[in-house]
Amino acid sequence: MRSLTRRRIIASCAIAAAGALQLGASFDIKVLPAKGPNVRIFLAQADADSAAELFVVSGFTLTLVQGPGPLDTITYDLDERTSAIDVADADGDGIPELYSVVGHEIRRRSLAPNEAAEREKVLFSRETLLSNSDGGPRPYVLVTKWLGQPALALPENDGLRIFSFDGAVLNHFPIQRPERSAGGLRRTYVTPPQAAPAGALEFWADTTFDAPASMLPDGGEEAQFPSERRAPYLQAREAADLPPEDWPWFALASTIDPEQRVAYALSRARQSDTLIRIRRRETRDLSLATALFTYSPKRRYPGTLIIPPGPPPDFNADGYADLLLWTSPRPGTSIDSLIQAARARDWPVRLTAHLYSDSKSIYEGQPAARIEARLPIGWSLLPQNGLPLRHLVLRDISGDGRTDVGFATGPARFALWIVRPPATFSSTPDYTADLPEAIQEVALVADMGAGGVTVIALRGENALYLLSLPQPRL
Amino acid sequence: MISALICVVIGAVVFVEKEMDAIVVGRPNPLTGQPSLNYRHADFDQDGLADILLPDRVLLQRAGEFPAALSVPLPLPLDKPEYDVFDNKLYLRTGDRLEIHRLNGMTWERILGQNIAWPDLLPDENEPPGEMDAEKTHGTLGRYLYDLSGNGVPEIVVPAIEGLHVYANEGRGYTAKHVIDVYPSPKVIFPERTLVWPPEARAITFPPTRLRFRLFLDGNSITVISRSAGLGSLIRRHTSSWLFDVERGYLPRDGGLAASVTAPIPAYLQPCRLNADSTPDFAGVRTYISENSLVPEQIQELVLTTDGGKTLQSFRSKSFQTLCVFVDFDGDGDLDAVVESTGLYKGGLREFLTRSLSERTLPHTIAIHLQDAQGRFSKTPDLLKKLSIKLAQPPFRDGPLFTEYQNGGLVNITGDLNGDRKRDLVVRTHPDRLSIYLNENLAFPKAPSRTLDIAPDARFGVADVDGDALSDIIIYREASLEAGTSRHTIVHFSRRTAP
């Protein structure tokens with residue numbers, strides 16, 4: 001770490017300002033320069049309060065983004081040999097430290113701004129599996145507890161070792177790595193050679209040595225039940241012919257009863273429709289030979305189920321997963337209608353939300369809410385994971401426990417619909433953001449904790465855009 | 001196998017047609033233009049003609065024929081062996097044994113049999129073509145013989161986790177000699193996303209590691225090519241070479257190391273050998289969909305470097321997947337770039353839709369960019385061949401021929417049919433016709449030099465089946481059966497003169 005700088009940047013209001021085409025209110029937007037695909041973003045506690053802050057690694061710079069309001073950052077330069085970093089309060093002073101693996105060295109430094117002059121300290125040197133990694137610094141859990149005392153856990157060739165902060169080995173968990181008997185070098189001969197002269201013997205090898213398990217800290221518990229078996233669009237299309245036990249599924253109410261499942265498939269007859277069967281516990285007093293669960297009859301819902309990357313949506317905060325489906329009109333098959341569709345440049349997409357009715361034990365046939373949007377035609381022609389939506393966010397952004405819906409409505413535009421009780425959306429997005437460059441990905445959606453703000457971090461080619469709902473003025 | 005049925009004369013080439021269902025020719029390596037094969041050549045009966053070694057038998061050649069009566073099953077111990085061949089002798093490696101056989105008349109004569117412990121018996125990951133479906137009832141063709149010492153007696157080389165195990169025969173059978181440990185260090189695979197907050201989500205994990213490299217033995221040198229990730233999507237390729245000393249137990253020689261590191265290059269560029277100089281070359285193809293036009297055009301981009309990544313050359317075209325991007329087109333020993341483009345997207349939106357929905361003929365262009373002595377590829381094509389490819393149905397119908405077109409299976413420029421060392425062109429210009437264009441002074445004639453019939457449901461490949469240095473055309477049909485896949489293959493052998 002070569003330098004520490006603190007700076008306050010007033011976020012560019014020009015970006016957040018409503019454009020001529022913008023329909024909703026503006027997000028609060030913080031812009032953090034971060035170029036390239038190796039930008040990594042993570043949450044950690046940086047001070048004595050219980051809320052998390054955002055940390056961004058871009059190249060060999062670590063940036064701490066502090067609190068709501070104008071962009072307030074502290075940047076730390078990292079050594080170019082840094083492979084892993086961790087932020088944890090190991091010394092118990094209430095202010096976390098930054099731990100890093102730099103080549104063979106394990107280092108520590110304070111994150112406190114008033115200790116900017118403190119030199120980074122090399123705790124000890126040790127060759128570990130992290131010593132020779134490349135690809136830049138990545139967040140990685142290094143600090144743990146051993147017999148109630150803070151310690152460092154480092155992976156080595158023969159297992160995991162626990163170290164005190166002066167480098168003494170406190171314990172060793174041997175891990176049997178695959179050797180000649182357990183596995184081998186997976187190699188592929190290249191005949192005739194590709195990189196070598198004719199007649200040479202050439203092969204390439206690609207072998208991954210998987211570690212056996214994850215070791216959780218004291219008191220950690222593995223999840224008792226799987227919460228989902230999701231399937232991409234194509235598999236869901238095939239599933240309709242299978243027995244319901246083989247359909248993909250997600251938990252109906254993971255906090256109420258993780259064994260109740262929503263099994264889904266795409267209709268054979270109309271592949272844009274979704275078939276739903278709900279697995280429930282068998283409550284009747286039947287013989288022991290009968291299955292413990294039963295499946296409801298198939299119900300068809302118009303539209304294709306949206307399978308979010310995170311938990312399924314709950315639009316009315318009743319604890320049950322709800323359905324969100326999309327439909328889009330199909331152009332005719334004549335050349336003129338296809339040309340007309342292609343020239344339109346954008347294409348309508350409708351999202352419908354179907355709520356789960358606990359009293360009826362089914363999803364309601366009538367949608368409770370609709371979102372109408374127009375998306376670039378290319379996204380319909382080239383769907384990603386079977387979906388014309390890009391950069392979908394299904395999270396509670398407003399903090400009322402109900403899932404809100406956000407997605408890109410253009411290459412550089414992000415829109416958010418806030419769900420209102422009982423479960424409706426407004427006809428236009430509640431918030432929009434027009435960014436100066438195309439959105440590459442949703443890097444993170446994070447609740448900053450302790451009544452804090454939920455941030456949607458969108459990554460562009462040149463910057464990270466931190467979107468949050470405007471905070472009421474005091 | 002049936003003897004010659006038809007002879008077709010084209011220019012100085014004669015095609016002799018034979019049924020040879022055992023022959024399977026797979027897709028060529030796109031960076032070398034060399035097809036993958038389920039057979040190898042060796043002269044087991046030492047009559048000066050190449051015989052065909054298959055995973056279960058040898059087909060002996062007699063005057064350009066492979067008579068059924070001269071098919072010799074391979075020795076098959078209980079444990080399915082891995083076969084290799086050196087100096088026309090057959091080597092068999094099983095779980096704990098090594099045997100060497102030579103062909104004596106029509107029977108195999110064992111000249112060595114010994115028990116031996118191997119470090120590793122994982123099969124080659126690269127299944128030979130034709131092996132995917134069927135339950136194997138025979139051995140496999142492997143690669144483990146290499147004459148490291150140059151004394152005419154091959155060493156046995158077995159890659160294992162800890163290094164390259166070398167076994168040598170010093171007159172009393174093979175014994176383990178050395179483990180050459182030149183592999184790079186495995187790299188940690190970091191989790192996609194690690195939570196360091198909240199405290200209850202912090203988990204200590206033991207990360208998986210990955211060992212990834214390319215290795216080749218050439219003469220008494222060993223070369224390892226590995227990679228290191230940089231920031232962003234670029235990587236560096238590291239090439240290290242050692243000379244090893246057979247007299248000192250195959251130890252790498254002191255001071256015999258040569259090492260080089262590329263400038264950052266795209267990760268999809270693979271090591272290859274585009275010319276004979278000592279600088280490692282790297283090339284690769286990426287395909288993507290252009291979102292800049294109304295029509296979602298598929299773009300293929302060939303990127304290459306012959307100077308260690310200092311300069312990158314690229315060729316971009318509107319194209320589906322092609323069979324190969326490099327061949328030695330002019331026969332000078334250096335590979336030249338092949339850039340194909342489809343005419344499906346030609347014109348505006350209306351033309352694209354009209355062509356997709358109602359037309360059966362697709363324009364197709366092949367451009368050749370020759371490599372010069374400095375390793376540079378000409379920016380403008382040295383040859384441009386325009387073709388019309390007729391499909392059975394319009395592209396919109398997504399018929400099997402259009403699928404084959406999208407997989408690059410209708411155009412093949414990998415073969416040398418007449419033995420002049422220049423690449424000739426075979427194109428399925430019609431559903432039932434192959435058109436052959438012989439390379440005449442680095443140009444293709446306007447009209448095909450000859451045509452061959454092909455069944456509408458058949459496919460074709462180009463490879464030298466009989467080992468006479470002339471490429472042959474292989475036409476095959478596959479049928480899915482419960483027990484696997486059945487193939488019917490006809491080889492059109494190229495001959496310089498009429499029989």
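Nothing here was measured: the structure is a model prediction, and the numbers come from that model. So that the names make sense, note that chain A is the first sequence line, chain B the second, and so on, each numbered from 1.
- Between chain B and the residues L154(A), V87(A), V143(A), the largest count of heavy-atom pairs under 4.5 Å involves V143(A).
- Only the side chain of P191(B) comes within contact range of chain A, with at least one heavy atom under 4.5 Å from a heavy atom of that chain.
- Contact detail for T194(B) and Y140(A): the closest heavy-atom pair is CG2-CA, 3.9 Å.
- Using a 4.5 Å cut-off between heavy atoms, F203(A) touches chain B through backbone and side chain atoms alike.
- For A153(A), the part sitting under 4.5 Å from any heavy atom of chain B is the side chain, from C-beta outward, and nothing else.
- Within the 3.5 Å criterion, the main-chain N or O of D134(A) finds no donor-acceptor partner in the side chain of K187(B).
- For the pair Y189(A)/P159(B), a side-chain contact is recorded, criterion being any heavy-atom separation below 4.5 Å from C-beta on.
- For I222(B), no part sits under 4.5 Å from any heavy atom of chain A, backbone or side chain.
- When each of F216(B), F352(B), F282(B), Y183(B) is scored by its heavy-atom pairs under 4.5 Å with chain A, the top score falls to F216(B).
- Residues forming a ring-ring contact (aromatic ring centres under 6.0 Å, His included) with Y146(B) (at least two apart in sequence, or on another chain): none.
- Contact annotation for I189(B): only side-chain heavy atoms (C-beta onward) come within less than 4.5 Å of a heavy atom of chain A.
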How far apart are the C-alpha atoms of R210(B) and T207(A), what are their side-chain angles, what is the distance that settles it, and do they pass the side-chain contact (heavy atoms from CB on, under 4.5 Å) test?
CA-CA 6 Å; R210(B) 187 174 186 183; T207(A) 301; over 6 Å; no

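- Going from atom CG of L211(B) over to atom CZ of R187(A) covers 13.0 Å, rounded to the nearest 0.5 Å.
- Atom CZ of R186(A) and atom CZ of R212(B) lie 14.5 Å apart (nearest 0.5 Å).
- Between V196(B) and F42(A) the shortest heavy-atom distance is CG2-CD1, 3.6 Å.
- Here the side chains of Y144(B) and L201(A) are not in contact, with every heavy-atom distance at 4.5 Å or above.
- Annotation: maximal heavy-atom pairing with chain B below 4.5 Å, among P155(A), A196(A), P139(A), occurs at A196(A).
- Neither the backbone nor the side chain of A198(A) has a heavy atom closer than 4.5 Å to any heavy atom of chain B.
- Contact count against chain A (heavy-atom pairs under 4.5 Å) is highest for R143(B) among Q34(B), Q270(B), R143(B).
- Heavy atoms of S228(B) lying under 4.5 Å from chain A belong to its backbone as well as its side chain.
- The shortest non-hydrogen separation linking D86(A) to R202(B) is OD2-NH2, 2.6 Å.
- Between I204(B) atom CD1 and F173(A) atom CZ the span is 10.0 Å, to the nearest 0.5 Å.
- Considering all non-hydrogen atoms of both residues, L129(A) and V188(B) come closest at O-CG2, 2.9 Å.
- Taking each heavy atom of A195(A) and I225(B) in turn, the nearest pair found is CB-CD1, 4.3 Å.
- If you measure heavy-atom distances from P197(A) to chain B, the contacts under 4.5 Å come from both the backbone and the side chain.
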Which is it for E162(B) and L185(A) under the side-chain contact (heavy atoms from CB on, under 4.5 Å) test, yes or no, and what are the steps along the way?
CA-CA 9 Å; E162(B) 56 279 2; L185(A) 188 74; over 6 Å; no

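- For the pair Q194(A) (side chain) and N29(B) (backbone), a donor-acceptor distance under 3.5 Å is absent.
- Heavy-atom distances place both the backbone and the side chain of L217(B) under 4.5 Å from chain A.
- With rounding to the nearest 0.5 Å, the separation of CG in N157(A) from OG1 in T209(B) is 7.5 Å.
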